[in-house]
Chemist: 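One structure is given below, represented as structure tokens, and several questions about it will come after.
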Amino acid sequence: MKRFLKENSLSLFFLLIFALALVGQALAGQAKFNDQQLVDGGQPISLVEYVATSDFAVDVAENWQSEYLQFLLFILATVWLVQRGSPESKELGKEGGESDEDQLVGEHARRDSPAWATAGGLRKALISNSLGWVMGLVFALSWLAQSVAGLAAGNAERLAELRDPESWGGYVTGPEFWSRTLQNWQSEFLAVASMVALSIYLRQRGSAESKPVGSPHDATGVEG
Amino acid sequence: MRAVLLLFALTFVAGCAVDTGPPARTAERFATAVTSGQGDAACALLAARTAARLPDRGQTCGQALNELRLTGGPVLSVSLWGDEAQVRLNGDTLFLHRYDGGWRVRAAGCTPKGENLPYDCEVDD
């Protein structure tokens, strides 16, 4: 058990703080929602009722989609684009999907390689792009969930303001959907750009995301 | 992945699985009452804040509602999102809210003022 915790501490730590943050978001969101209920002459709702509302769903989904998009783009862009001196980039000259030998697939797979790395055809194609596909799928589903939950929350607000509700097509081409979407995207893109560029010149001793402290600024694709 | 499916399930429950019957029935009862001059019965179906705002000094809510001569008619369509609903009748558009005690009419005698603009209502909160 102790060994399991130690060997998986990075994933477990982030899952734990994710769960705590989600619970915190639900509690704070419920308090804010109930404040507005009082103003509107409605009744307060329980935490369980709140997490089933479209207000909570849209707030969760809009952040999820932007985070998964951020990592999807980071995964795909770093196949083709490089940054001299950044540990987030691979070495210059290695742009592209690389050779089977470099990627340890097909006849170059090792004995401990995943089984599908040895296989050909569809299985090889799937495992070769599985990270991008899964991140892309979660991004797409989260963005769709944001649009459906956002439509529900937005239409409840429109009816409360004595306005006509709008269609899904109207919502996803309207300012509310894109304001929510782009305000998340811009911050994610800035964070990635900062990580790529700052890690050229700055170090964090012992971090897998940093070059070793003494590594030269122009050393590319070196992680500590 | 399980979390994404849960989020979808919540979204579905929150946004799609709706029963438009209760607000439609409240709207029908309200319309029947106002068109037959039963102002007090219609006022009982108004949201508390709407009913409180309606009468002038010296009037009851029912008297004020009867004076407005609102039209009604059969239900043409219902839009229900969360605790809010819009019921289009043949001769009126009503806005309702779901309270603990059930659906109540927040606004009646409403006419559209243009796309995306609030309706102009004879009775509202």
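In what follows, every heavy atom counts, from backbone to side chain, and hydrogens, waters and symmetry copies are set aside. This one's a predicted model, so the numbers in the text were calculated from it and none came from an experiment.
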Chemist: Using a cut-off of 6.0 Å, state whether more than 12 heavy atoms not belonging to B:R98 lie near its atom CZ.
Modeler: yes
Chemist: Are there more than 12 heavy atoms of other residues, nucleotides or ligands under 6.0 Å from atom CD of A:E7?
Modeler: yes
Chemist: Tell me the closest heavy-atom pair linking A:P165 and B:Q86, and the distance in Å.
Modeler: CD-OE1, 3.7 Å
Chemist: Taking the side chain as C-beta and beyond, is there a heavy-atom pair between B:N116 and A:R158 under 4.5 Å?
Modeler: yes
Chemist: Can you tell me if CD on A:Q204 sees more than 12 non-hydrogen neighbours from other groups inside 6.0 Å?
Modeler: no
Chemist: Pick one of side chain, backbone, both or neither for B:A85, based on which atoms fall under 4.5 Å of a heavy atom in chain A.
Modeler: backbone
Chemist: From B:F95 CZ over to A:D164 CG, what is the distance, rounded to the nearest 0.5 angstrom?
Modeler: 6.0 Å
Chemist: Using a 6.0 Å cut-off, check whether atom OH of B:Y99 has over 12 heavy atoms from anything other than its own residue.
Modeler: yes
Chemist: Distance check, rounded to the nearest 0.5 Å: B:Y119 atom OH versus A:E161 atom CD?
Modeler: 14.0 Å
Chemist: So A:R163 and B:P118, do their side chains get closer than 4.5 Å, heavy atoms only?
Modeler: yes
Chemist: Could you measure the distance from the CG atom of A:N155 to the CG atom of B:L80? Nearest 0.5 Å is fine.
Modeler: 11.0 Å
Chemist: A quick test of your reading: do over 12 heavy atoms of other residues, nucleotides or ligands sit less than 6.0 Å from CH2 of A:W168?
Modeler: no
Chemist: Could you tell me which portion of A:Q43 (side chain, backbone, both or neither) has an atom closer than 4.5 angstrom to a non-hydrogen atom of chain B?
Modeler: side chain
Chemist: Look up atom CG in A:L162 and atom CZ in B:R106, then write down how far apart they are to the nearest 0.5 Å.
Modeler: 5.0 Å
Chemist: Please look at B:R104 and chain A and tell me whether the side chain, the backbone, both or neither of the residue comes under 4.5 angstrom of a heavy atom of that chain.
Modeler: neither
